[in-house]
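Have a look at the structure below, then the notes.
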There are 2 protein chains.
Amino acid sequence: MISSDELFDAKALLQDSDIRPTRQRLGLASLLFGRKNRHVTAEVLHQEANDCGLRMALATVYNSLHSFTRAGLLREVVVDAGRRYFDTNVSHHHHLLREQTGELVDVDPGKLEVRGIPDLPRGTSVSQIDVVIRIK
Amino acid sequence: MISSDELFDAKALLQDSDIRPTRQRLGLASLLFGRKNRHVTAEVLHQEANDCGLRMALATVYNSLHSFTRAGLLREVVVDAGRRYFDTNVSHHHHLLREQTGELVDVDPGKLEVRGIPDLPRGTSVSQIDVVIRIK
DNA sequence: GTCATTGCAAATACTTTGCAAATCA
DNA sequence: TGATTTGCAAAGTATTTGCAATGAC
């Protein structure tokens with residue numbers, strides 16, 4: 001019996017994104033993209049990697065997260081001034097944050113709508129609209 | 001001729017908030033609350049203070065910003081995972097962020113509306129909804 | 001085998017804490 | 001004067017960088 005996780009081809013994913021499939025990156029990609037809609041910090045991902053027997057420096061986790069983000073495989077989510085979250089869901093959507101646990105949940109943009117965007121300064125355009133619903 | 005800035009009574013403001021009006025705090029309060037809707041980082045405020053001849057450690061600026069926030073005179077705004085912004089407008093409103101300059105502008109909540117808030121987990125309630133319009 | 005790229009130690013950036021010194025009652 | 005609070009040096013986190021070593025082609 002082979003689970004779908006094991007069938008996931010991290011190597012092909014990285015190669016398709018022009019990222020060299022090194023041992024460390026393959027490990028991180030498997031952890032990240034083997035299942036849907038993950039929200040991780042570098043530290044949590046580093047811990048997961050260690051728990052799987054993947055040894056690497058925390059800085060390598062950061063470097064890999066940035067590579068993946070540059071390639072469009074991840075998107076950074078700003079919900080905390082002290083921690084950087086990365087989201088494997090790169091399509092447009094919003095977030096719900098449980099303040100007590102730091103847990104982040106995706107919110108479908110089809111359900112949540114923002115109306116009444118103000119006039120922008122001349123020569124500028126909207127790059128992204130982020131909505132964070134903080135709950136306690 | 002006396003400008004309205006000079007008439008602003010920082011000492012009364014701090015005393016009304018049960019914050020001891022020390023020299024450093026008075027200086028920072030004057031810089032912050034002498035005009036409307038300021039968005040500052042600790043570093044920028046520290047630099048402004050130095051430029052005015054107010055010498056103090058950066059940590060003192062942080063401590064003061066936190067005191068003011070605890071007292072409800074400031075509100076923290078999360079738009080960047082690396083920097084902490086403080087806003088002198090403590091009423092409910094949203095933000096527009098110029099990505100190129102880091103400049104933050106208030107958006108009236110009467111103009112901008114969020115519809116379709118999803119179901120929340122049992123036993124939780126909304127603590128705040130933040131909308132950040134990022135422009136480039 | 002080559003050389004662009006990596007992976008990590010060390011450095012940096014940002015923020016908080018612990019406590020000597022100052023301040024108010 | 002004594003309790004309280006401050007202001008800052010030093011420490012603590014989080015993240016980035018420079019470059020020796022690697023490993024993909």
Side-chain angles (χ1 to χ4, degrees), chain A residues 9-29 31-32 39-50 52-71 73-86 102 104, chain B residues 10-12 14-32 39-50 52-71 73-86 102:
Chain A
D9 190 347
K11 190 172 180 183
L13 179 75
L14 296 187
Q15 284 174 332
D16 289 350
S17 303
D18 288 321
I19 294 173
R20 266 206 216 168
T22 62
R23 185 174 55 79
Q24 286 83 342
R25 287 176 172 183
L26 284 170
L28 295 179
L31 288 171
L32 286 170
H39 300 91
V40 299
T41 60
E43 191 154 82
V44 163
L45 187 60
H46 183 229
Q47 187 57 58
E48 280 186 20
N50 273 345
C52 297
L54 299 166
R55 309 194 106 232
M56 71 188 80
L58 180 58
T60 299
V61 177
Y62 274 104
N63 288 341
S64 300
L65 287 172
H66 288 308
S67 294
F68 296 169
T69 302
R70 235 177 290 122
L73 299 175
L74 290 178
R75 144 188 189 330
E76 197 187 327
V77 185
V78 179
V79 288
D80 187 314
R83 286 145 106 177
R84 243 167 244 276
Y85 282 84
F86 294 86
L104 205 54
Chain B
K11 189 171 178 183
L14 295 188
Q15 283 174 333
D16 288 351
S17 303
D18 287 319
I19 295 173
R20 264 206 218 169
T22 62
R23 187 174 54 79
Q24 286 84 341
R25 288 175 171 181
L26 284 170
L28 295 178
S30 296
L31 289 170
L32 286 169
H39 300 93
V40 299
T41 60
E43 192 155 81
V44 163
L45 186 61
H46 184 228
Q47 187 58 59
E48 279 186 20
N50 273 345
C52 297
L54 300 167
R55 310 194 106 229
M56 71 188 80
L58 180 56
T60 299
V61 178
Y62 275 104
N63 288 340
S64 301
L65 287 172
H66 288 308
S67 295
F68 295 170
T69 301
R70 236 177 289 123
L73 297 175
L74 291 177
R75 143 190 191 328
E76 197 186 327
V77 185
V78 178
V79 288
D80 187 312
R83 279 188 292 193
R84 240 168 247 276
Y85 282 82
F86 294 85

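Residue numbers begin at 1 in each chain, while the letters A, B, ... track the order of the sequences.
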For this session: Specify the separation, in whole Å, of atom CZ of A:Phe68 and atom P of C:dG7.
Result: 9 Å
Problem set entry | Value in whole Å for how far the P atom of D:dT5 lies from CZ of B:Arg70 | 12 Å
Exercise. Between atom CG in B:Asp80 and atom P in C:dA13, what is the gap in whole Å?
Worked result: 15 Å
Problem set entry | Heavy atoms from other residues, nucleotides or ligands near CD of B:Glu43 exceed 12 (cutoff 6.0 Å) | no
Exercise. How long is the span from the CG atom in A:Asp18 to the CD atom in A:Gln15, to the nearest 0.5 Å?
Worked result: 9.5 Å
For this session: Whole angstrom is fine here: how far is it from CD1 in B:Ile19 over to P in C:dT23?
Result: 18 Å
Seminar exercise, completed: In whole angstroms, the gap separating C1' of C:dC8 from CG of A:Asn50 amounts to 14 Å
For this session: Taking A:His46 for its side chain and A:Met56 for its backbone only, find out whether a donor-acceptor pair lies under 3.5 Å.
Result: yes
Exercise. Rounding to a whole Å, what distance do you find between B:Arg25:CZ and C:dA22:P?
Worked result: 17 Å
For this session: Would you check, one step at a time, whether the test side-chain contact (heavy atoms from CB on, under 4.5 Å) holds for B:Leu65 with B:Leu32?
Result: CA-CA 10 Å; B:Leu65 287 172; B:Leu32 286 169; 4.1 Å; yes
Exercise. Just checking, any donor-acceptor pair under 3.5 angstrom between side chains of A:Ser67 and A:Arg25?
Worked result: yes
Seminar exercise, completed: Reading nucleotides 10-25 of chain D from 5' to 3' and marking B where a protein heavy atom lies under 4.0 Å of the base, S where only the sugar-phosphate is that close, and - otherwise, the string is ----SBBB------S-
Exercise. Do B:Gln47 and B:Leu45 have side-chain heavy atoms sitting under 4.5 Å apart?
Worked result: no
